[in-house]
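Beneath this line is the structure, given in structure tokens, with notes to follow.
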Amino acid sequence: MATATGTNTPAPAILTCSLLEWYDRHHRSLPWRVPPAVIAAGERPDPYRVWLSEIMLQQTTVGAVKSYFDAFTSRWPTVVDLAAADLDDVMKAWAGLGYYSRARNLKKCADLVAHELDGRFPETEEGLRSLPGIGDYTSAAIAAIAFNRPAVVVDGNVERVMTRLHAMETPLPAAKPAIRAAVREMLPEDRPGDFAQAMMDLGATICTPKNPACGLCPLQVGCLAFREGKQERYPLKQAKPEKPVRVGAAFVAERPDGAVLLRKRPMKGLLAGMAEVPTTDWTARQDGISSRDGAPFPADWKPRGAITHVFTHFELRLSVFHALADIEAPEGHWWSDPASLSGEALPTVMRKAVAAALPHRRLTRRR
DNA sequence: TATGCGTGGGT
DNA sequence: TACCCAAGCAT
């Protein structure tokens with residue numbers, strides 16, 4: 001439509017058409033995706049695989065998800081299989097992927113779908129939204145991708161694309177309603193699933209945070225940020241508070257046969273229900289950083305350096321100590337022998353601690 | 001609306 | 001190096 005200045009802004013439907021043509025040619029091939037040509041032939045994706053991929057992809061990169069997705073779908077091909085699994089096994093399979101409440105909710109959701117919904121996922125946003133671990137984004141994404149419903153799917157990619165397209169001066173998250181409205185304008189009635197994935201692919205491969213490839217962008221003719229040469233200015237965001245530092249000590253006890261003493265973290269809070277080596281409390285204090293006070297039992301604890309791990313909202317510095325011990329596992333602890341250790345539900349921070357104490361031990365899960 | 005919740009890769 | 005960021009959810 002024409003503007004007062006004489007410059008032309010294409011109608012939303014024109015941009016949508018351009019985006020879908022781009023997607024037909026340049027879509028990413030992903031293990032959980034049914035490509036557009038196959039969709040056009042009338043095939044639909046497996047809702048279980050769509051759901052599983054969407055949960056794994058929450059705040060997580062495609063590269064990190066792929067091997068986990070393959071492992072999960074090989075071991076548990078259907079939602080009924082996953083419902084029949086032990087939660088402990090699911091947590092072990094999830095270890096390293098982060099945000100562990102996702103895995104707990106994944107299992108809850110699978111149980112619910114398998115036992116109360118006859119193994120079938122709801123087909124509406126509202127129905128999906130009521131399931132554990134499924135919020136506004138994920139319900140819309142599954143409804144669109146698995147069931148071709150005209151849902152407004154807005155993730156971080158879409159936020160970036162739309163704030164640039166319209167040169168939105170409102171910072172996130174306040175801009176979200178305007179972003180949703182702008183996406184709704186572009187929704188195609190016939191291909192909502194492809195449209196949602198096309199927007200995300202565009203954000204991931206063309207409309208990137210740094211150095212966007214505007215020369216290859218199907219929306220370039222309509223992009224106000226590009227017109228002003230200010231692509232990287234958007235999206236505007238609220239400033240974040242700085243990260244506090246917490247310190248503590250970790251104690252890696254090794255039995256003569258090489259087993260390592262572990263315990264289970266509380267079921268609530270950080271790394272809930274995951275395994276760990278014994279540690280002191282993690283405090284904000286900077287002094288006593290290498291203190292071996294707080295060891296789980298008396299032993300000849302020797303310093304093995306320190307590790308740093310950055311969580312979302314604080315940075316953790318752990319002094320690591322090692323000792324040989326041949327005792328019964330204390331209440332709530334267990335000895336994990338060398339063959340079992342890498343399969344434990346150990347979050348990355350604890351793998352770092354063990355690696356510092358046992359530098360010759362292999363702890364990597366996959367590659 | 002604000003905060004807590006992981007991790008690894010990119011720049 | 002020190003950030004930034006990624007297909008967010010629960011409370």
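Below, chains carry the letters A, B, ... as their sequence lines are ordered, and counting in each starts from 1.
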Separation of B:dC5 atom P from A:Leu106 atom CG, nearest Å, is 21 Å
note: A:Leu131, atom CG; C:dC9, atom C1'; distance rounded to Å ~ 13 Å
Taking for A:Val158 and for A:Arg129 the nucleotide of DNA chain C with the nearest heavy atom, the one nearer the 5' end belongs to A:Val158
Under 3.5 Å, is there a donor-acceptor pair linking the side chains of A:Gln197 and A:His27?
no
Check: How far, in whole Å, is B:dG8 from C:dC9 if one measures between their P atoms?
Finding: 22 Å
Between OH of A:Tyr68 and P of B:dG8 the distance, given in whole Å, is 7 Å
Looking for any heavy atom pair under 4.0 Å, which part of the strands does A:Arg28 touch: base, sugar-phosphate only, or nothing? base
On DNA chain B, more 5' by nearest nucleotide between A:Tyr100 and A:Asn211 is A:Tyr100
Base, sugar-phosphate alone, or nothing: which one does A:Thr348 contact when heavy atoms must sit under 4.0 Å apart?
sugar-phosphate
Look only at the side chain of A:Arg184 and the backbone of A:Val152, and say whether a donor-acceptor pair between them is shorter than 3.5 Å.
no
(Q) Quick check: any donor-acceptor pair below 3.5 Å linking the side-chain of A:Tyr99 to the base of B:dG6? (A) yes
In whole angstroms, the gap separating P of C:dC9 from CD of A:Glu125 amounts to 12 Å
On a heavy-atom basis, the closest approach of A:Thr348 and A:Gly96 is OG1-CA, 4.1 Å
Counting the atoms with a prime plus P, OP1 and OP2 as sugar-phosphate, which does A:Ile142 contact under 4.0 Å by heavy atoms, base, sugar-phosphate, or nothing?
nothing
> Contact class for A:Trp51 vs. all strands (heavy atom < 4.0 Å): base, sugar-phosphate, or nothing?
Replying inline: nothing
Worksheet item: With a non-hydrogen cut-off below 4.0 angstrom, is A:Gly269 in contact with a base, only sugar-phosphate, or nothing?
Response: sugar-phosphate
Exercise. Is there a donor-acceptor contact under 3.5 Å from the side chain of A:Arg49 to the main chain of A:Trp32?
Worked result: no
Here the distance between atom P of B:dT1 and atom CG of A:Asp136, to the nearest Å, is 13 Å
Rounded to whole Å, CE of A:Met200 lies from C1' of C:dG8 at a distance of 13 Å
note: A:Lys107, atom NZ; C:dC9, atom P; distance rounded to Å ~ 21 Å
Does the A:Arg304 side chain pair with the main chain of A:Leu358, one donor and one acceptor, at a distance under 3.5 Å?
no
Notebook entry, point to check: Checking all strands, does A:Gly63 fall into the base, sugar-phosphate, or nothing category for heavy-atom contacts under 4.0 angstrom?
Noted result: nothing
Between A:Pro132 and A:Glu54, whichever has its closest DNA chain C nucleotide further toward 5' is A:Glu54
Checking C:dA6, B:dT7, C:dC9 against the side chain of A:Gln59 (C-beta onward), the nearest is C:dA6
Classify A:Leu97 by what it touches in the nucleic acid, base, sugar-phosphate, or nothing, heavy-atom distance under 4.0 Å. base
So what does A:Ser53 touch, heavy atoms closer than 4.0 Å: a base, only the sugar-phosphate, or nothing? nothing
Practice item. Answer yes or no: does a side-chain N or O of A:Arg160 lie under 4.0 Å from OP1 or OP2 of C:dA6? Key: yes
Ranking B:dT7, C:dG8, B:dG8 by distance to the side chain of A:Thr61, first place goes to B:dG8
### Task
Answer yes if the side chains of A:Gln58 and A:Tyr137 hold a donor-acceptor pair under 3.5 Å, and no otherwise.
no
Distance-only donor-acceptor test, A:Thr60 side-chain atoms vs B:dG6 base atoms, 3.5 Å = yes
Would A:Asp70 and A:Ser67 count as having a side-chain donor-acceptor pair, cut-off 3.5 Å? no
DNA chain B nearest-nucleotide lookup for A:Val310 and A:Lys210: closer to the 5′ end is A:Val310
Rounded to whole Å, the NZ-P distance (A:Lys268 to B:dG4) equals 16 Å
Could you tell me how far B:dG6 sits from C:dC3 if I compare only their P atoms? Round to whole Å. 22 Å
inquiry  = Counting only side-chain nitrogens and oxygens, does A:His309 get under 4.0 Å of the OP1 or OP2 atom of B:dG6?
reply    = no
